[in-house]
Structure formats: structure tokens, C-alpha cells
Amino acid sequence: QVQLVESGGGLVQAGGSLRLSCAASGRTFSSYAMGWFRQAPGKEREFVAAIGYSAGSTYYADSVKGRFTISRDNAKNTVYLQMNSLKPEDTAVYYCAAMPAGDPRLISEYDYWGRGTQVTVSS
């Protein structure tokens with residue numbers, strides 16, 4: 001079992017930055033690939049970014065490539081999402097998730113989810 005708790009969300013103006021954190025507890029954190037997803041009102045949850053077990057591989061949605069950076073610190077059991085040049089369309093609840101194996105871009109591959117943190121970008 002893995003417990004995930006997101007933090008770092010908030011209200012920011014367009015063009016600004018936020019850094020999300022996801023703290024994990026439970027089984028060995030480094031055994032899991034980690035992902036960030038987001039869900040805007042009235043829309044389906046969508047993939048944002050993912051990182052492999054040892055941070056050797058990263059994946060990004062086209063909509064955030066070049067603006068967002070995912071990283072992890074296995075010593076701290078934490079994964080981060082640095083979000084720069086934020087746009088109003090980035091407004092959503094952001095979720096952290098963990099998966100033991102599979103395609104990290106697929107929501108169905110993730111076994112554990114946090115409760116989310118709200119990110120609001122004003123224009």
C-alpha cells in the first residue's frame with residue numbers, strides 16, 4: 001500500500017510558477033514510477049507528466065512540454081512538478097499517482113492516487 005499526499009497548489013497569475021510536491025509513504029517509493037495527472041471542471045482526468053523509478057525516464061503531455069518539469073527524490077520519498085509559464089488552461093485539480101509497472105502515460109496503469117491539490121491560474 002502507498003499513501004500519497006499532494007501539496008503546493010494555489011492561485012497564481014498567468015505566466016507565474018508553482019511547484020507541486022507529492023509525499024509518499026508505505027512501500028518502497030523507488031519501486032514505483034510516479035505520475036502527475038490533472039482534472040479540470042467538466043473534463044476527464046488527463047496525463048501531465050511521469051517519471052521512472054530512478055528518474056532516468058521522463059514523459060510529458062504535449063500541452064506542458066517545455067513548461068513543466070517532473071523530478072523525484074527517492075531519499076525523501078517525494079516527487080515534484082515544477083510548473084512555469086502557467087496558463088489559465090492549466091487550471092485544474094492536480095493528482096499524484098504511483099504505478100509498479102506499465103506505460104506511465106496511461107491512467108489505467110496507476111494503482112495509488114492522492115486526493116489532489118487545486119491549481120488556479122488567473123488571466
Side-chain angles (χ1 to χ4, degrees):
Q1 194 77 3
V2 177
Q3 293 80 42
L4 303 172
V5 179
E6 303 95 337
S7 62
L11 173 64
V12 64
Q13 288 188 333
S17 297
L18 282 174
R19 188 195 197 200
L20 305 184
S21 298
C22 173
S25 60
R27 290 186 174 259
T28 306
F29 176 70
S30 59
S31 299
Y32 291 85
M34 301 296 296
W36 286 96
F37 292 78
R38 67 186 181 187
Q39 187 166 17
K43 295 188 177 181
E44 293 187 352
R45 194 170 298 189
E46 64 175 4
F47 169 75
V48 175
I51 188 165
Y53 314 103
S54 61
S57 299
T58 56
Y59 309 83
Y60 296 95
D62 288 343
S63 59
V64 307
K65 203 171 292 183
R67 300 188 298 123
F68 291 10
T69 302
I70 189 170
S71 61
R72 66 188 297 162
D73 185 338
N74 287 342
K76 295 183 178 179
N77 284 7
T78 303
V79 61
Y80 305 97
L81 185 68
Q82 178 66 44
M83 305 186 296
N84 299 329
S85 302
L86 282 161
K87 304 175 182 180
E89 50 263 44
D90 294 318
T91 296
V93 177
Y94 282 71
Y95 297 90
C96 169
M99 57 169 284
D103 186 338
R105 294 162 292 189
L106 298 180
I107 192 171
S108 59
E109 301 281 46
Y110 287 81
D111 292 340
Y112 304 103
W113 291 83
R115 293 189 175 186
T117 184
Q118 176 70 47
V119 171
T120 303
V121 184
S122 63
S123 57

Reported [atom1]-to-[atom2] distance for the pair [X] and [Y], which is rounded to 0.5 angstrom:
| X | Y | atom1 | atom2 | result |
| --- | --- | --- | --- | --- |
| C22 | F29 | SG | CZ | 7.0 Å |
| E46 | R105 | CD | CZ | 15.0 Å |
| Y60 | W36 | OH | CH2 | 12.5 Å |
| Y95 | L20 | OH | CG | 13.0 Å |
| S21 | Q82 | OG | CD | 9.5 Å |
| S7 | Y94 | OG | OH | 15.0 Å |

Does [X] reach the main-chain N or O of [Y] with its side chain, forming a donor-acceptor pair under 3.5 Å?
| X | Y | answer |
| --- | --- | --- |
| N74 | Y53 | yes |
| R38 | V119 | no |
| E6 | T117 | no |
| T91 | V121 | yes |
| Q13 | S122 | no |

With I51 as reference, evaluate I70, T69, L81 under the side chain to side chain contact (heavy atoms under 4.5 Å, CB included) test and give the passing residue.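 Output: one option passes, namely I70.
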
Ring centers of F37, Y110 separated by less than 6.0 Å: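 Centroid distance F37-Y110: below 6.0 Å, so yes.
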
Same cluster or not: are [X] and [Y] linked, directly or through other Ile, Leu, Val, Met, Phe, Trp or Tyr residues, by side-chain heavy atoms under 4.5 angstrom apart?
| X | Y | result |
| --- | --- | --- |
| F47 | Y80 | no |
| M34 | Y112 | yes |
| Y59 | F68 | no |

Residue pair [X] / [Y]: nearest heavy atoms and the distance that separates them:
| X | Y | value |
| --- | --- | --- |
| S123 | A14 | CA-CB, 4.4 Å |
| A24 | L4 | CB-CD2, 3.6 Å |
| S85 | S17 | N-OG, 4.3 Å |

side-chain contact (heavy atoms from CB on, under 4.5 Å) assessment of R67 paired with D90: CA-CA 11 Å; R67 300 188 298 123; D90 294 318; 2.8 Å; yes

Report the C-alpha distance between M83 and V12 in whole Å, list the side-chain angles of each, state the deciding distance to 0.1 Å, and finish with yes or no for side-chain contact (heavy atoms from CB on, under 4.5 Å). CA-CA 11 Å; M83 305 186 296; V12 64; over 6 Å; no

Measuring only between side-chain heavy atoms, which start at C-beta, is E44 closer than 4.5 Å to I107?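 No - every pair of side-chain heavy atoms lies 4.5 Å or more apart.
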
Output, in order, the C-alpha distance, side-chain angles, deciding distance and verdict of side-chain contact (heavy atoms from CB on, under 4.5 Å) for V5 and R115. CA-CA 7 Å; V5 179; R115 293 189 175 186; over 6 Å; no

Salt bridge or not for D62 and K65, using N-O below 4.0 Å? yes

Take D111 and M99 through the side-chain contact (heavy atoms from CB on, under 4.5 Å) test and state the conclusion after the steps. CA-CA 6 Å; D111 292 340; M99 57 169 284; 5.8 Å; no

